[in-house]
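I have placed the structure first, in the form of structure tokens, so that the comments after it can refer back to it.
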2 protein chains.
Amino acid sequence: MQTPQPKVSFKEQMHQAREDAILQSTCRLLSDKAYDAMTMDDVAQAVGIAKASLYKHFCSKEELCCAAMVQILGRLRTFLDSLAPEQPPLDKLQALVRWSLQRLLAHEMPLLPSRNSSLRAVLMANPSYLEGLVAVSDQVGQWITQAQAQGVLDPSLPPLVVLYTLYARACDPVVGFLKEGGQHSDEEIIALVLRTCFQGLAAR
Amino acid sequence: MQTPQPKVSFKEQMHQAREDAILQSTCRLLSDKAYDAMTMDDVAQAVGIAKASLYKHFCSKEELCCAAMVQILGRLRTFLDSLAPEQPPLDKLQALVRWSLQRLLAHEMPLLPSRNSSLRAVLMANPSYLEGLVAVSDQVGQWITQAQAQGVLDPSLPPLVVLYTLYARACDPVVGFLKEGGQHSDEEIIALVLRTCFQGLAAR
DNA sequence: GTCTATATGCAGATAGAC
DNA sequence: GTCTATCTGCATATAGAC
């Protein structure tokens with residue numbers, strides 16, 4: 001008898017699966033429209049449940065979107081942890097941006113909160129999100145200083161500037177522009193954006 | 001008697017001045033919050049007039065915001081036209097980004113419509129805005145190909161990628177992040193963002 | 001053209017049956 | 001927990017006096 005609470009566990013699993021579906025739909029919607037423009041009706045319709053049911057899982061729109069962003073952040077941390085320790089730090093930084101761009105192209109990640117997003121204020125007031133953000137920033141910050149010490153990343157740039165730049169490029173709107181143009185494959189777009197980010201526009 | 005219609009002209013001037021004030025307030029507000037989050041009440045309060053008066057000048061929120069963006073675009077074109085013809089094209093491109101970043105820091109320019117902004121759809125349906133955007137893009141496109149021909153701008157990058165990247169950097173959220181940090185002056189921030197844009201993050 | 005007051009519609013959130 | 005139906009508030013836009 002190795003199933004002490006089979007029924008409870010099953011229900012919990014269903015519950016969790018439903019919540020994951022809600023979060024996934026939320027992420028998709030947030031990647032297409034701004035936080036203010038996304039409605040709870042949109043989410044309910046995308047998931048295929050009634051709006052009231054949504055509120056049984058998440059007590060407010062703010063909480064729902066925070067949870068979605070926290071989930072994304074968790075996936076990012078999992079990815080960062082999966083990188084081989086012996087990999088050069090610069091490669092890890094590029095892998096970080098590449099991962100984000102892939103999510104962006106797959107419509108799995110909201111274009112992140114720049115200053116004029118009301119979602120940003122909500123997130124910055126959310127302890128779970130902040131905690132995750134700090135953890136990622138610490139990790140990435142280490143790689144930045146290591147890459148600078150190796151001389152492969154411009155050592156004259158303040159690490160914080162590099163960090164912010166990486167975050168900004170991780171949701172670079174150029175990706176969307178190029179995708180709309182339809183001239184390039186997803187992989188080409190990622191390669192181009194990575195190149196402009198790390199090599200710059202000027203000739204070398 | 002060189003004043004044929006003095007009274008009409010004066011009234012027109014007042015009218016124009018009032019509209020300019022409205023547009024300026026709109027730009028300021030749009031630089032702080034997203035299109036969807038900005039309300040006509042915000043604008044009315046910022047200008048110091050009643051909301052109904054606003055609708056005497058602009059018949060809808062969409063039209064108002066379009067007019068604000070068209071105004072910005074006009075100023076950009078004026079600036080671009082003012083650049084000395086003998087200036088190297090790469091310098092002109094940098095001047096373009098610098099000008100935008102200055103506006104951004106002065107809260108005079110909305111963080112531009114990336115894909116997830118509902119304002120973007122509105123703008124793309126507006127002939128005046130599109131016309132201005134095409135004119136600027138043609139001008140900038142010429143400079144890009146010239147700079148590539150001179151070998152100072154990476155010739156292996158598709159010109160459209162460079163163009164989109166310049167547009168994206170012109171409202172780089174990194175500016176806001178660094179400004180919030182309070183560690184750098186406005187000029188330092190501009191210099192840093194320009195450097196990451198043209199020189200990249202990797203060491204040279 | 002400017003105002004106060006109001007109409008209209010929509011979105012966040014809730015009530016209550018099942 | 002899920003649903004339908006509803007409450008509430010707010011934002012766009014308008015009416016109508018001055």
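In this view, Tyr35(A) satisfies the ring-ring contact (aromatic ring centres under 6.0 Å, His included) rule with no residue, not counting sequence neighbours. Checked against side-chain contact (heavy atoms from CB on, under 4.5 Å), Glu19(B) has the following partners two or more places apart in sequence or in another chain: His15(B), His57(B), Phe58(B).
Atom CE of Met38(A) is separated from atom P of dA11(C) by 12 Å (rounded to the nearest Å). In this structure, CD of Gln45(A) is placed 16 Å from C1' of dC3(D), rounded to the nearest angstrom. Rounded to an integer number of Å, the gap from Asp41(B) CG to dT12(D) P is 7 Å. Whole-Å rounding puts the Glu19(B) CD to dT2(C) P distance at 10 Å. In this entry the distance linking CG of Leu54(A) with P of dC3(D) reads 10 Å, nearest Å. Atom pair Ile49(A):CD1 and dC3(D):P shows a separation of 6 Å (rounding to whole Å applied). At whole-Å resolution of the value, NE2 in His57(A) and C1' in dT2(D) are 9 Å apart. For the pair Tyr35(A) OH and dA11(C) P, the computed distance is 14 Å after rounding to whole Å.
For Ser53(A), a side-chain nitrogen or oxygen approaches OP1 or OP2 of dC3(D) to under 4.0 Å. Between His15(A) and the phosphate of dG1(D), there is a side-chain N or O to OP1/OP2 separation shorter than 4.0 Å.
Counting any heavy atom pair closer than 4.0 Å across all strands shown, Thr39(A) reaches sugar-phosphate atoms only and no base atom. As judged by a 4.0 angstrom heavy-atom cut-off over every strand, Met14(A) is placed among residues making no nucleic acid contact.
Residue Gln87(A) qualifies as enclosed at atom CD: its count of foreign heavy atoms under 6.0 Å is above 12.
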Nucleotide by nucleotide, nucleotides 13-18 of chain C touches protein heavy atoms under 4.0 Å in the pattern (B base, S sugar-phosphate only, - none) BBB---
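Remark: the Tyr55(B) side chain and the Ser60(B) side chain contain no N/O donor-acceptor pair separated by less than 3.5 Å. In this structure, a donor-acceptor pair under 3.5 Å is present between the side chains of Ser137(B) and Tyr167(B).
Between its two ends, the helix from dG1(C)-dC18(D) to dC18(C)-dG1(D) turns its axis by 10°, counting five pairs per end and rounding to 10 degrees.
Salt bridge annotation for Asp172(B)-Arg169(A): present, with a cationic side-chain nitrogen under 4.0 angstrom from a carboxylate oxygen. A salt bridge links Glu180(A) with Arg120(B); the closest basic N to acidic carboxylate O contact falls under 4.0 Å.
Partner of Glu108(A) under the side chain to side chain donor-acceptor pair (under 3.5 Å) criterion, out of Arg103(A), Arg75(A), Gln102(A), Arg28(A): Arg103(A) alone.
Across dT12(D), dT2(D), dT4(C), the shortest atom-to-atom separation from the side chain of Ala50(B) is found for dT4(C).
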Item to complete: In sequence, state the C-alpha distance, the side-chain angles, and the governing distance for Arg98(B) and Glu187(B), and then conclude on salt bridge (charged side-chain N to carboxylate O under 4.0 Å, His left out).
Response: CA-CA 10 Å; Arg98(B) 170 182 292 277; Glu187(B) 265 311 310; 3.2 Å; yes
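Once rounded to the nearest 0.5 Å, the distance linking CG of Asp42(B) with OG1 of Thr39(B) reads 3.0 Å.
Within the structure, every pair that satisfies the ring pair (Phe, Tyr, Trp, His ring centres under 6.0 Å) test and touches residues 68-89 of chain A, not counting sequence neighbours, is listed here: Phe79(A)-Trp99(A).
Taken residue by residue, residues 20-29 of chain B places no heavy atom nearer than 4.0 Å to DNA chain C.
Formation of a donor-acceptor pair under 3.5 Å by the Gln71(B) side chain with backbone atoms of Leu23(B) is not found in this model.
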